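Single-structure report; data block below.
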There are 2 protein chains.
Amino acid sequence: MKKGLTKICSRFFTNLANPTRLAALEQLLEKPMSVNELATALGQEQSMISHNLKPLLDCNLITIQKQGKKHIYTVNQETLQPIFAAIENHAQKFCPTGGKCLNGEN
Amino acid sequence: MKKGLTKICSRFFTNLANPTRLAALEQLLEKPMSVNELATALGQEQSMISHNLKPLLDCNLITIQKQGKKHIYTVNQETLQPIFAAIENHAQKFCPTGGKCLNGEN
DNA sequence: ACTTCATATGAATAATTATTCATTTAAATA
DNA sequence: TATTTAAATGAATAATTATTCATATGAAGT
């Protein structure tokens, strides 16, 4: 890790450290969609989705494409794919049973 | 991303989304060290370091090796290296100027 | 221009997470 | 076994972040 990356990493991880945003990303990985589609798919309020998409967009973890009234959001796969892959590997190799990493809820 | 990884990812990212813990990891990447060494290196209280190392350890992002009284912590490079690399790439390619991702402090 | 549909924003409150300080546990050694 | 050193824990408070609800913006169609 390059020195001084602590700051950008902190913001980056903060953006990802949220179940609503992760669920949104998970959904958007299936296919790009609009805010309302996302809200419906996740069973959440539209404003909640908007609020949560904003930091992801600001950090370029998703991109927006405006089609008239609709705003279609797309995942930045180049960045997120390897990260999720690393976590999947970690889960399998280092937390096979979930363990303390998953004890408790969230 | 495999379905249902949202939960583990959330905990995972929550652990990383903290400047103190990132600084600790950055330091431990240089070389494994004890709690007090870390505290000194980062200019923080021992109890703060301990509190922050705990979730990293619970999630196996670091490992512990007890040498008598001293507890030497080591980074799980297999997991963290590719993640930090992906973020570095992201920062260069998608946030070359920092932009909104870094505006404000943190 | 008015209405509708889609999204974003703001401000208040709720919930979560971090930090501090005091205390405890545990290992090593006198 | 008493003392010292290293680290962990607990509980209180501070700080941050999430969520909700009301409202604003903005694009399209009438």
Side-chain angles (χ1 to χ4, degrees), chain A residues 6-7 9-25 27-28 32-59 61-74 100-106, chain B residues 6-7 9-25 27-28 32-59 61-74 100-106:
Chain A
T6 295
K7 193 180 175 183
C9 284
S10 181
R11 172 67 60 96
F12 190 96
F13 289 129
T14 297
N15 282 344
L16 292 172
N18 177 287
T20 303
R21 289 195 285 278
L22 286 170
L25 289 172
Q27 200 65 46
L28 292 176
M33 50 177 88
S34 72
V35 176
N36 272 325
E37 283 179 289
L38 259 178
T40 300
L42 301 178
Q44 306 262 202
E45 295 280 320
Q46 171 270 315
S47 75
M48 170 141 170
I49 300 297
S50 279
H51 275 302
N52 278 286
L53 291 179
K54 185 169 190 310
L56 294 175
L57 186 61
D58 288 346
C59 242
L61 291 172
I62 55 178
T63 56
I64 191 174
Q65 180 197 354
K66 300 185 183 181
Q67 293 183 351
K69 296 189 261 199
K70 297 204 172 179
H71 296 186
I72 307 297
Y73 286 93
T74 304
K100 289 182 192 166
C101 189
L102 281 176
N103 289 344
E105 60 314 312
N106 90 21
Chain B
T6 294
K7 192 180 177 186
C9 283
S10 180
R11 172 66 62 94
F12 190 96
F13 289 130
T14 297
N15 283 344
L16 292 172
N18 176 287
T20 302
R21 288 194 285 277
L22 286 170
L25 289 172
Q27 199 66 46
L28 291 177
M33 50 176 91
S34 71
V35 176
N36 273 323
E37 282 177 290
L38 259 177
T40 300
L42 301 177
Q44 307 262 202
E45 295 279 321
Q46 172 269 316
S47 74
M48 170 140 169
I49 300 298
S50 280
H51 275 303
N52 277 287
L53 290 179
K54 185 169 190 309
L56 296 175
L57 185 63
D58 287 347
C59 242
L61 292 171
I62 55 177
T63 55
I64 191 175
Q65 182 197 352
K66 300 186 183 181
Q67 293 184 348
K69 296 189 259 200
K70 296 205 171 179
H71 296 186
I72 306 298
Y73 285 93
T74 303
K100 288 181 194 167
C101 189
L102 282 177
N103 289 344
E105 57 314 313
N106 85 23

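We name chains A, B, ... by the order of the sequence lines, and we start the count at 1 in each one. These figures come from a predicted structure and were not determined experimentally. We use all heavy atoms of the structure for the numbers below, so side chains are in, but hydrogens, waters and symmetry mates are not.
Rounded to whole Å, the distance from CG on A:Asn36 to P on C:dT4 is 17 Å. Atom-to-atom, CD of A:Gln44 to C1' of C:dT7 comes out at 16 Å; the value is rounded to the nearest Å. Atom CD of A:Glu45 and atom C1' of C:dT7 are 14 Å apart (whole Å). Distance A:Asp58 CG to C:dA8 C1': 12 Å, rounded to the nearest Å. In this structure, the CG atom of A:Leu16 is 14 Å from the P atom of D:dT17, given to the nearest Å.
With sequence neighbours excluded, the residues forming a salt bridge (charged side-chain N to carboxylate O under 4.0 Å, His left out) with B:Lys54 are B:Asp58, listed by chain and number. Legend: residues meeting side chain to side chain donor-acceptor pair (under 3.5 Å) with A:Thr14, ordered by chain and number and at least two apart, are absent.
Note on residues 35-51 of chain A: pairs passing salt bridge (charged side-chain N to carboxylate O under 4.0 Å, His left out), not counting sequence neighbours, are A:Lys31-A:Glu37. Residue pairs meeting the side-chain hydrogen bond (donor to acceptor under 3.5 Å, both in side chains) criterion with at least one partner in residues 62-74 of chain B, sequence neighbours excluded, are absent.
A distance of 10.5 Å separates CZ of B:Phe13 from CG of A:Asn15, quoted to the nearest 0.5 Å. In this structure, the separation between CG on A:Leu61 and CG on A:Leu28 is 11.5 Å, given to the nearest 0.5 Å.
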Got a list of protein N/O to nucleotides 25-30 of chain C N/O distances below 3.5 Å?
none

Show the distances under 3.5 angstrom between N or O atoms of the protein and N or O atoms of nucleotides 8-12 of chain D.
unit_1, atom_1, unit_2, atom_2, d
D:dA8, OP1, B:His71, ND1, 3.1
D:dA8, OP1, B:Tyr73, OH, 2.5
D:dA8, OP2, B:Ser50, OG, 2.8
D:dA8, N7, B:Gln46, NE2, 2.7
D:dA8, N6, B:Gln46, OE1, 3.3
D:dG10, O6, B:His51, NE2, 2.4

message: Using the rule given for side chain to side chain contact (heavy atoms under 4.5 Å, CB included), can you reason through A:Ile64 versus A:Leu53, listing the C-alpha separation, both sets of side-chain angles and the distance that settles it, and then say yes or no?
response: CA-CA 10 Å; A:Ile64 191 174; A:Leu53 291 179; over 6 Å; no
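In terms of phosphate contacts, A:Asn18 brings a side-chain nitrogen or oxygen within less than 4.0 Å of OP1 or OP2 of D:dA18. Between D:dT19 and A:Thr20, a contact under 4.0 Å exists linking OP1 or OP2 to a side-chain N or O. The phosphate of C:dA6 (OP1 or OP2) has no side-chain N or O of A:Ser34 nearer than 4.0 angstrom. One finds no side-chain N or O of A:Thr14 lying less than 4.0 angstrom from the OP1 or OP2 phosphate oxygen of D:dT16.
DNA chain D is contacted by both A:Asn15 and B:Ile72; B:Ile72 maps to the nucleotide lying nearer its 5′ end (nearest heavy atom per residue).
Shown here for A:Ile72 and A:Pro32, the closest heavy-atom pair between the two residues is CG2-CB, 3.8 Å.
In this structure, the side chain of A:Ser10 does not engage the main chain of A:Thr6 through any donor-acceptor pair within 3.5 Å.
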